[in-house]
Amino acid sequence: MNTKTLNEVSKFLSYVLRHEPQAIGLNLDSEGWADVESLIAGAAKDGRILDIGLIQAVVSSSDKKRFSISDDGLRIRAVQGHSSASVSLQHVKKEPPEFLYHGTATRFLESIRQQGLIAGSRHHVHLSQDITTAITVGQRYGKPVVLKIEALRMHLEGFEFFQAENGVWLTACVATRFLNHN
Ligand code: HQG
């Protein structure tokens, strides 16, 4: 299976499993799970031919382990990144390391300095444990800049942190007093 096809299907799965399941008449439960058969049927109505082999190939080749398939093989979900209101995934609460990183674009800095980091349309602000990942994330929106977050101090002050199945750190928002330029 070529990389272009895998990337394209991965983007489609991110779209329907994180943001717009109704675009193909799909239902997600509150933990984000969708029936694989319904996903294949919904995609087909949209003119997109998927099969279980292709879906499994996308799941197993995802560099960020974006998706997981249930043990019985019948259901699939995105492990983080949702904006869909019907989903409220119960991520594992965890004590963060001393620092976490957030990659963004320089053009957002002024607003971030005023408001802190906000989740926007997603359910959480996304943070990473390493600077390299943060740079890649920031590059998606322009000239990247990495912010260093005093995660442990936030945690000690009562802010909750979660870690998604794929290692991405999540929190509701980050106030400016916890933010530094790396
Ligand atoms: C910015 C990818 C102005 C924030 C990645 C970001 C991640 C503000 C953008 C995951 C702001 C939101 C999520 C404020 C935050 N003013 N801009 N107050 N607060 N922002 O895509 O974190 O490849 O929703 O810095 O790897 O970039 O899709 O979030 O630039 O884990 O699996 O608003 O998406 O994963 O952008 O990325 P996003 P994100 P996937």
Side-chain angles (χ1 to χ4, degrees), residues 1-94 102-105 107-108 117-130 132-142 144 160-173:
M1 227 158 294
N2 70 51
T3 314
K4 188 163 167 270
T5 306
L6 292 173
N7 279 341
E8 220 248 314
V9 175
S10 176
K11 289 211 162 87
F12 172 73
L13 292 184
S14 288
Y15 176 66
V16 295
L17 295 175
R18 288 172 173 174
H19 308 299
E20 300 287 349
Q22 66 280 10
I24 58 162
L26 190 66
N27 288 316
L28 305 184
D29 73 11
S30 62
E31 283 292 310
W33 292 107
D35 283 327
V36 174
E37 284 305 323
S38 308
L39 169 65
I40 292 172
K45 276 189 226 145
D46 196 38
R48 184 181 288 273
I49 306 307
L50 301 181
D51 60 46
I52 186 67
L54 178 54
I55 292 171
Q56 277 166 347
V58 170
V59 173
S60 60
S61 67
S62 170
D63 53 350
K64 290 189 190 159
K65 301 190 171 49
R66 293 179 177 88
F67 311 104
S68 71
I69 291 182
S70 58
D71 291 341
D72 59 13
L74 298 177
R75 298 182 304 158
I76 182 169
R77 71 174 174 182
V79 302
Q80 39 76 215
H82 298 82
S83 65
S84 173
S86 61
V87 176
S88 74
L89 218 154
Q90 297 300 303
H91 293 289
V92 182
K93 227 185 268 182
K94 215 169 153 183
H102 178 86
T104 189
R107 65 194 165 98
F108 297 145
L117 287 173
I118 55 172
S121 61
R122 303 204 197 231
H123 294 169
H124 298 95
V125 169
H126 289 224
L127 306 170
S128 65
Q129 214 152 326
D130 64 289
T132 318
T133 302
I135 293 171
T136 313
V137 171
Q139 268 164 351
R140 290 151 56 239
Y141 292 116
E160 290 183 336
F161 282 80
F162 307 90
Q163 195 171 27
E165 260 173 75
N166 63 351
V168 171
W169 283 89
L170 306 165
T171 195
C173 58

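Reckoned from all heavy atoms, side chains included, excluding hydrogens, waters and symmetry mates.
With hydrogens and angles disregarded, a donor-acceptor distance shorter than 3.5 Å links the side chain of Asn2 to the backbone of Lys4. In terms of modelled atom types and a separation under 3.5 Å, the side chain of Asp46 and the main chain of Arg48 share no donor-acceptor contact. For Ser14 (side chain) and Ser10 (main-chain N/O), a donor-acceptor pair under 3.5 Å exists by modelled atom type. Remark: the backbone N or O of Val137 is paired with a side-chain donor or acceptor of Arg140 at under 3.5 angstrom.
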For a quick test of your reading: what N or O donor-acceptor pairs under 3.5 Å do the side chains of residues 75-83 make, sequence neighbours left out?
{"residue": "Arg77", "atom": "NH1", "partner": "Glu31", "partner atom": "O", "Å": "3.0"}
{"residue": "Arg77", "atom": "NH1", "partner": "Glu31", "partner atom": "OE1", "Å": "3.3"}
{"residue": "Arg77", "atom": "NH2", "partner": "Glu165", "partner atom": "OE2", "Å": "2.9"}
{"residue": "Gln80", "atom": "OE1", "partner": "Asn166", "partner atom": "ND2", "Å": "2.8"}
{"residue": "Gln80", "atom": "NE2", "partner": "His126", "partner atom": "ND1", "Å": "3.3"}
{"residue": "His82", "atom": "NE2", "partner": "Leu17", "partner atom": "O", "Å": "3.4"}
{"residue": "His82", "atom": "NE2", "partner": "Ala78", "partner atom": "O", "Å": "3.4"}
{"residue": "Ser83", "atom": "OG", "partner": "His19", "partner atom": "ND1", "Å": "2.7"}

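Of all the heavy atoms in Leu54 and Ile49, the pair that sits closest is CD2-O, 4.1 Å. Among all heavy-atom pairs drawn from Ala57 and Leu6, the shortest one is CB-CD2, 3.9 Å. Among all heavy-atom pairs drawn from Ala34 and Leu28, the shortest one is CB-CD2, 3.6 Å. Residues Leu50 and Ala43 approach most closely at CD1-CB, 3.8 Å, considering heavy atoms. The shortest heavy-atom contact between Leu39 and Leu13 is CD2-CD2, 3.8 Å. Between Pro144 and Gly138, the shortest heavy-atom distance links the atoms CB-C, 3.9 Å.
Atom CZ of residue Phe161 and atom CG of residue Leu170 lie 10.0 Å apart, to the nearest 0.5 angstrom. Within the model, atoms CG of Leu74 and CH2 of Trp33 stand 10.5 Å from one another, a figure rounded to the nearest 0.5 Å. From His124, atom NE2 reaches atom CG of Leu117 across 14.0 Å, with rounding to the nearest 0.5 Å. Taken from CG in Asp29 to CG in Asp35, the straight-line distance is 9.0 Å, to the nearest 0.5 Å. From Ser84, atom OG reaches atom CD of Glu20 across 7.5 Å, with rounding to the nearest 0.5 Å.
Residue-environment remark: CG (Asp71) stays at or below the threshold of 12 foreign heavy atoms within 6.0 Å.
Inter-residue side-chain proximity for Leu89 and Phe162 is flagged as unmet; no heavy-atom pair is nearer than 4.5 Å.
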